[in-house]
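Encoded as structure tokens, here's the structure I'll be asking about.
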Amino acid sequence: MQKLGDFKLPHFFNYPPYFTLQPVRDTRDKQVQLWKELILDYCRTQKIFVVGLEEDFPLFSNPVVERSLSHEAREAFLLALVSEGRAEWLDKGHRKCLILWHRIQEWADIILSFVKDNGLEDSVMTVEEIRSGAESRGTELHGIDRTILMRALRLLEQKGKLAIFKGTSTDDEGVKFSL
């Protein structure tokens, strides 16, 4: 089985036709599903949050079979993720995609578990501490994309689980948990 760093690639990755959009609907549906799963799995394990349509993304080419996805295929696979709520375009030109291997509600649940597991129910933390502090090391929150984190925190704020307060800069935005 081929690997990309420490990531095991699925068998279809070595099958050249999967790098070309398939014309038969049933085959294309299966192809799109496989690519969606691959992109989500790879991004989750490698902690990749943004995929650029025109950028050199490791999954979009396979030198072993000398194949690369066309722009149309890349767009089709990312669009399929967007249509399922597993990704969002970051720009109007659809060149960069925010990958949501966890939906925002799932990230909110992960934050709540993190707070409870670390006894932080009535604590104050900065947003940066949640993203890169000692407490988050070894968790899915460590290194989380700031946009995703803020959206999950705002969702929890709407539910009355915490309060977000502004500092003098984005580095000292704070969160007061109230669980």
Side-chain angles (χ1 to χ4, degrees), residues 1-10 13 34-61 74 77-78 80-91 94-179:
M1 175 165 281
Q2 188 177 345
K3 285 186 168 192
L4 196 57
D6 59 351
F7 183 79
K8 285 184 184 176
L9 292 161
F13 196 74
L34 288 170
W35 275 99
K36 286 187 309 188
E37 292 167 7
L38 175 60
I39 292 167
L40 288 172
D41 287 347
Y42 182 76
C43 287
R44 185 184 70 250
T45 61
Q46 305 303 308
K47 289 203 171 232
I48 295 171
F49 292 92
V50 177
V51 173
L53 200 54
E54 278 116 32
E55 292 170 15
D56 189 25
F57 185 59
L59 293 180
F60 290 163
S61 64
R74 294 173 188 208
F77 301 148
L78 291 176
L81 287 169
V82 169
S83 71
E84 287 185 359
R86 300 312 302 251
E88 296 174 2
W89 294 112
L90 290 173
D91 59 334
H94 292 189
R95 289 184 305 276
K96 287 195 179 289
C97 209
L98 181 68
I99 304 297
L100 300 168
W101 67 81
H102 289 306
R103 289 182 168 88
I104 298 300
Q105 177 59 57
E106 293 167 340
W107 280 114
D109 293 341
I110 290 167
I111 293 167
L112 289 178
S113 295
F114 166 77
V115 169
K116 290 173 185 170
D117 292 348
N118 289 286
L120 302 168
E121 285 90 339
D122 292 308
S123 299
V124 174
M125 292 182 83
T126 66
V127 171
E128 285 310 306
E129 284 177 312
I130 297 169
R131 291 183 69 224
S132 57
E135 292 91 350
S136 72
R137 230 176 262 135
T139 72
E140 283 190 282
L141 291 174
H142 197 78
I144 185 174
D145 178 85
R146 191 170 215 293
T147 303
I148 292 173
L149 176 59
M150 291 309 296
R151 287 189 43 207
L153 290 172
R154 280 190 213 100
L155 179 64
L156 291 171
E157 186 176 42
Q158 290 168 357
K159 293 181 176 185
K161 304 284 187 189
L162 56 83
I164 300 170
F165 52 92
K166 301 275 184 227
T168 54
S169 72
T170 56
D171 285 350
D172 60 357
E173 276 183 301
V175 179
K176 165 81 171 100
F177 299 103
S178 52
L179 304 180

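Along the sequence shown, residues are numbered consecutively beginning with 1.
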Q.
Between Arg131 and Glu128 (salt bridge meaning N to carboxylate O under 4.0 Å), is one present in this structure?
A. yes
Q.
Could you check whether any side-chain N or O of Asp122 sits under 3.5 Å from a backbone N or O of Ser178, counting only pairs where one atom can act as donor and the other as acceptor?
A. no
Q: Evaluate the ring planes of Phe7 and Tyr42, with Trp represented by its six-membered ring, and classify them as parallel (under 30°), tilted (30 to 60°) or perpendicular (over 60°).
A: perpendicular
Under 3.5 Å, side-chain donor or acceptor atoms of residues 109-121 against the rest of the protein: list the pairs with distances, not counting sequence neighbours.
residue, atom, partner, partner atom, Å
Asp109, OD1, Gln105, NE2, 2.9
Ser113, OG, Asp109, O, 3.2
Asn118, ND2, Phe114, O, 2.8

Q. What distance do Leu98 atom CG and Asp91 atom CG have between them, rounded to the nearest 0.5 Å?
A. 11.5 Å
Q) If you take all heavy atoms of Ile148 and Phe49, which pair is closest and at what distance? A) CD1-CD2, 3.4 Å
Q) Less than 4.5 Å apart, any side-chain heavy atom of Val124 and any of Val175? A) no
(Q) Does any part of the side chain of Leu34, heavy atoms only, come nearer than 4.5 Å to the side chain of Pro10, both counted from C-beta? (A) no
Q. Would you say the side chain of Leu78 lies within less than 4.5 Å of the side chain of Phe57, judging by non-hydrogen atoms?
A. no
Q. Could you give the distance from CG (Leu90) to CD (Glu88), rounded to the nearest 0.5 Å?
A. 7.5 Å
(Q) Does this structure show an ion pair linking Glu84 with Arg103, if we count only N-O contacts that are shorter than 4.0 Å? (A) no
**Q.** Nearest-0.5 Å distance, CG of residue Leu100 to CG of residue Leu81
**A.** 9.5 Å
Q: Please step through side-chain contact (heavy atoms from CB on, under 4.5 Å) for the pair Asp41 and Trp101, ending with a clear verdict.
A: CA-CA 8 Å; Asp41 287 347; Trp101 67 81; over 6 Å; no
Q: Measure the CG-CD1 distance between Leu40 and Ile99 for me, rounded to the nearest 0.5 Å.
A: 7.0 Å
Q) Just how far is it from atom CE of Met125 to atom CG of Leu153, taken to the nearest 0.5 Å? A) 10.5 Å
Q. Under the side-chain contact (heavy atoms from CB on, under 4.5 Å) criterion, do Val127 and Met150 qualify, and how do the steps go?
A. CA-CA 8 Å; Val127 171; Met150 291 309 296; 3.8 Å; yes
Q | Rounded distance (nearest 0.5 Å) linking atom CZ of Phe13 with atom CG of Leu59 | A | 5.5 Å
Q: Give a yes or no answer on whether the side chain of Glu157 reaches the backbone of Ile164 with a donor-acceptor pair at less than 3.5 Å.
A: yes
Q) Less than 4.5 Å apart, any side-chain heavy atom of Glu173 and any of Arg146? A) yes
Q: Ignoring hydrogens and angles, tell me if any N or O in the side chain of Lys36 forms a donor-acceptor pair with the backbone of Ala80 under 3.5 Å.
A: no
Could you list the donor-acceptor pairs under 3.5 angstrom formed by side chains in residues 134-144, with sequence neighbours left out?
residue, atom, partner, partner atom, Å
Ser136, OG, Ile130, O, 3.1
Ser136, OG, Gly133, O, 3.1
Ser136, OG, His142, ND1, 3.0
Thr139, OG1, Ser136, O, 2.6
Thr139, OG1, Leu141, N, 3.2
Glu140, OE1, His102, NE2, 3.2
Glu140, OE2, His102, NE2, 2.7

Q | Intermediate values then yes/no, side-chain contact (heavy atoms from CB on, under 4.5 Å), Val82 and Cys97 | A | CA-CA 8 Å; Val82 169; Cys97 209; 3.9 Å; yes
Q: List the steps, then state whether side-chain contact (heavy atoms from CB on, under 4.5 Å) holds for Lys161 with Phe177.
A: CA-CA 6 Å; Lys161 304 284 187 189; Phe177 299 103; over 6 Å; no
